[in-house]
Amino acid sequence: MFKYLFLLLLPVFAFSQKTQEIYLMGTIKDKSNTTKSISVIDLRETKDLGTVTFKGKQVEFIFPKNDAEIFFNDWFTKFNKEPKGSKKIVLVLEKLQFANNTTDDGKNHFTADFRASTFLEKEGQYFFLSRVNNLYKPKQDFPENPTGIALTVTQIFQALLNKSYTKTPSMVALSKESLSDYETFLVPGLPAIKNTELASGIYSDFESFFSQTPLLGYELIRNANNELKSAKKGEETIPSYKIFAYVEGNKAYLNTAAGFLELEKDENGFFVTSNEGTLNPAQMNSSYAMFGLIGAGIGAIETSAKNKAARKLSTSKIYIDPLSGRYIYGK
């Protein structure tokens with residue numbers, strides 16, 4: 001739906017090029033009927049969303065009514081007029097800055113340096129649900145202009161909130177005061193982070209990998225090129241596209257758009273040595289591409305000339321967010 005909406009919004013933008021609002025659109029209806037409210041804790045160091053240059057003019061980004069909390073309250077109420085649930089979801093805004101930015105492909109893009117997380121609030125304690133933490137460019141369906149990056153951010157917020165309705169919360173209880181530094185309470189204790197050795201086996205998702213709870217007893221089946229084809233246990237077969245990662249001989253291999261790549265570890269966490277053109281091909285016109293989701297459901301992708309060129313760009317360490325399973329670009 002979003003890919004058509006910007007066509008309607010372009011005339012509005014053309015007559016008001018000094019400000020660009022974040023849009024209140026796309027459903028965030030809680031289909032599970034378990035959520036009572038969404039509140040906002042704004043921890044951004046600056047409430048200024050940033051300014052970009054477009055066609056020689058300065059464009060400032062703003063929340064409608066210049067108030068993030070009103071924005072999200074209005075959005076939730078619009079699609080949940082009589083909420084039946086009891087869960088209180090808290091959206092913690094950590095960073096949102098728009099800018100003109102030269103990214104890994106060497107081109108100037110409109111970008112959003114975007115970090116936000118969701119928590120379940122229960123009796124004054126906060127339990128982590130999900131987060132976004134990346135440098136985003138306009139989604140492929142959207143125009144390369146301020147409207148396109150604003151729509152992209154709206155869609156990311158939409159996906160984050162919709163996922164949070166049914167996400168199983170962390171068991172670690174945090175105080176409100178600790179939300180500004182929640183990573184230090186959640187990440188170091190993850191078994192994959194603190195352990196020196198990894199458990200052999202296959203992992204179906206990022207949660208199982210970082211908690212080190214593999215599916216055991218599966219034989220790895222490879223093709224003639226020694227590429228992982230599937231995993232088999234008795235009569236049960238799991239195709240490679242459903243495998244997030246596997247560990248063999250204390251070495252981890254991550255399922256990516258370019259096949260399984262070695263997943264290495266340093267003091268900052270787990271990473272692959274690659275580039276965005278390889279990990280996020282242009283054809284991946286889906287939420288997997290926009291959010292940098294990895295693992296289950298990707299499989300091999302036939303490359304175009306554009307993607308082949310992108311893969312020739314310089315490589316670097318691209319980390320895997322242990323709290324979302326997504327690639328972290330440009331950080």
Side-chain angles (χ1 to χ4, degrees), residues 117-120 125-134 163-164 166-174 178 181-222 226-234 236-274 279 288 291-299 317-328 331:
S117 49
T118 53
F119 293 81
L120 175 67
Q125 294 182 311
Y126 297 80
F127 301 85
F128 177 82
L129 292 170
S130 189
R131 78 169 177 180
V132 291
N133 176 26
N134 224 322
K163 180 180 182 180
S164 298
T166 55
K167 187 76 168 57
T168 301
S170 165
M171 296 182 67
V172 180
L174 302 175
S178 64
D181 200 24
Y182 65 88
E183 268 192 68
T184 61
F185 297 94
L186 299 177
V187 174
L190 294 172
I193 299 294
K194 69 179 183 179
N195 294 352
T196 56
E197 294 206 4
L198 298 172
S200 296
I202 61 173
Y203 297 85
S204 59
D205 50 38
F206 82 92
E207 289 101 338
S208 63
F209 176 77
F210 283 99
S211 66
Q212 284 294 278
T213 53
L215 298 173
L216 300 175
Y218 285 84
E219 177 189 1
L220 300 180
I221 308 299
R222 292 180 166 85
N226 203 35
E227 299 166 334
L228 185 64
K229 178 182 176 182
S230 62
K232 189 173 183 180
K233 182 179 181 180
E236 182 185 2
T237 299
I238 300 177
S240 61
Y241 71 85
K242 289 187 176 182
I243 298 173
F244 173 82
Y246 71 92
V247 173
E248 190 175 43
N250 201 36
K251 286 189 176 182
Y253 300 88
L254 180 72
N255 193 0
T256 76
F260 284 90
L261 299 180
E262 185 173 353
L263 190 57
E264 301 176 83
K265 182 182 180 183
D266 64 13
E267 67 277 5
N268 295 316
F270 284 90
F271 67 91
V272 291
T273 302
S274 189
L279 300 177
Y288 283 102
F291 295 113
L293 288 169
I294 52 184
I298 291 182
K317 294 180 180 181
I318 298 178
Y319 288 88
I320 313 304
D321 187 343
L323 298 180
S324 71
R326 299 175 179 124
Y327 299 121
I328 301 177
K331 292 288 188 177

| request: Indicate yes or no for a side-chain donor-acceptor contact from Gln212 to the backbone of Ala199 under 3.5 Å, with no hydrogens or angles considered. | output: yes
| Looking at side-chain heavy atoms only, is the closest gap between Ser208 and Thr213 below 4.5 Å? | yes
| task | Mind checking side-chain hydrogen bond (donor to acceptor under 3.5 Å, both in side chains) for Tyr182 and listing every partner two or more places apart, or none if nothing turns up? | result | Glu94, Arg131
| field | Donor-acceptor contact present, side-chain Lys242 to main-chain Ser230, <3.5 Å | value | no
| Rounded distance (nearest 0.5 Å) linking atom CG of Asp321 with atom CZ of Phe270 | 13.5 Å
| field | Candidate pair Leu186 and Ser170, rule side-chain contact (heavy atoms from CB on, under 4.5 Å), full reasoning | value | CA-CA 9 Å; Leu186 299 177; Ser170 165; 3.9 Å; yes
| query | What orientation do Tyr253 and Tyr246 show, parallel under 30°, tilted 30 to 60°, or perpendicular over 60°? | reply | parallel
| field | Residue pair Lys233 / Leu216: nearest heavy atoms and the distance that separates them | value | NZ-O, 3.2 Å
| query | Is it true that atom NZ of Lys229 has more than 12 heavy atoms of other residues, nucleotides or ligands lying nearer than 6.0 Å? | reply | no
| query | Given side chains that start at C-beta, do those of Ile320 and Ile328 come closer than 4.5 Å, heavy atoms only? | reply | no
| query | For the side chain of Lys265 and the backbone of Ile193, is there at least one donor-acceptor N/O pair under 3.5 Å apart? | reply | yes
| field | Under the ring-ring contact (aromatic ring centres under 6.0 Å, His included) test, residues paired with Tyr218 that sit two or more places apart | value | none
| note | Scanning both residues in full, the closest heavy-atom pair of Lys232 with Thr237 reads CG-OG1, 3.8 Å
| task | Tell me whether the centres of the aromatic rings in Phe271 and Tyr319 are closer together than 6.0 Å. | result | yes
| Full working for ring-ring contact (aromatic ring centres under 6.0 Å, His included) between Tyr203 and Phe210 | CA-CA 9 Å; Tyr203 297 85; Phe210 283 99; 9.5 Å; no
| Has the side chain of Thr118 got a donor or acceptor atom that lies under 3.5 Å from a matching backbone atom of Ser130? | yes
| message | With heavy-atom distances below 4.5 Å as the criterion, would you say the side chains of Ser117 and Phe128 are in contact? | response | yes
| message | For the OG atom of Ser274 and the CD1 atom of Ile318, what is their distance to the nearest 0.5 Å? | response | 5.0 Å
| Hey, which of Thr273, Asp266, Asn268 is the one that makes side-chain hydrogen bond (donor to acceptor under 3.5 Å, both in side chains) with Lys317? | Asp266
| said: The test is side-chain contact (heavy atoms from CB on, under 4.5 Å); show your working for Arg222 and Glu227 and say whether it passes. | reply: CA-CA 5 Å; Arg222 292 180 166 85; Glu227 299 166 334; over 6 Å; no
| Thr184 and Asp181: side-chain donor and acceptor closer than 3.5 Å? | yes
| message | Is any side-chain heavy atom of Asn133 closer than 4.5 Å to one of Arg326? | response | no
| task | May I ask you to decide if Leu174's main-chain N or O and Ser178's side chain share a donor-acceptor pair within less than 3.5 Å? | result | no
| task | With the side chain counted from C-beta on, respond yes when Glu248 and Leu220 share a heavy-atom pair under 4.5 Å apart, and no when they do not. | result | yes
| request: May I have all residue pairs that pass salt bridge (Lys or Arg N to Asp or Glu O under 4.0 Å) and include part of residues 188-197, sequence neighbours excluded? | output: none
| Do you know which two heavy atoms are closest between Ala245 and Leu254, and how far apart they sit? | CB-CA, 4.2 Å
| request: For the residue pair Val247 and Pro214, establish whether any side-chain heavy-atom pair is separated by less than 4.5 Å. | output: no
| Contact check, side chains of Thr196 and Asn250, non-hydrogen atoms, under 4.5 Å | no
| query | Between Leu129 and Thr168, what is the shortest heavy-atom contact and its length? | reply | CD2-C, 4.4 Å
| task | Would you check if the side chain of Asn255 reaches a backbone N or O of Phe260 as a donor-acceptor pair within less than 3.5 Å? | result | no
| message | A side-chain contact here means heavy atoms from C-beta on lying under 4.5 Å apart; do Ile243 and Leu215 qualify? | response | no
| So which heavy atom on Phe209 is nearest to which on Ala192, and how close? | O-CB, 3.6 Å
| request: Rounded to the nearest 0.5 Å, what's the gap from OG on Ser200 to CG on Leu198? Could you check? | output: 8.5 Å
| field | Heavy-atom donor-acceptor pair, Asn134 side chain to Tyr327 backbone, under 3.5 Å | value | yes
| remark: In short, Leu323 meets Glu183 closest at the heavy-atom pair CD1-CG, 4.1 Å
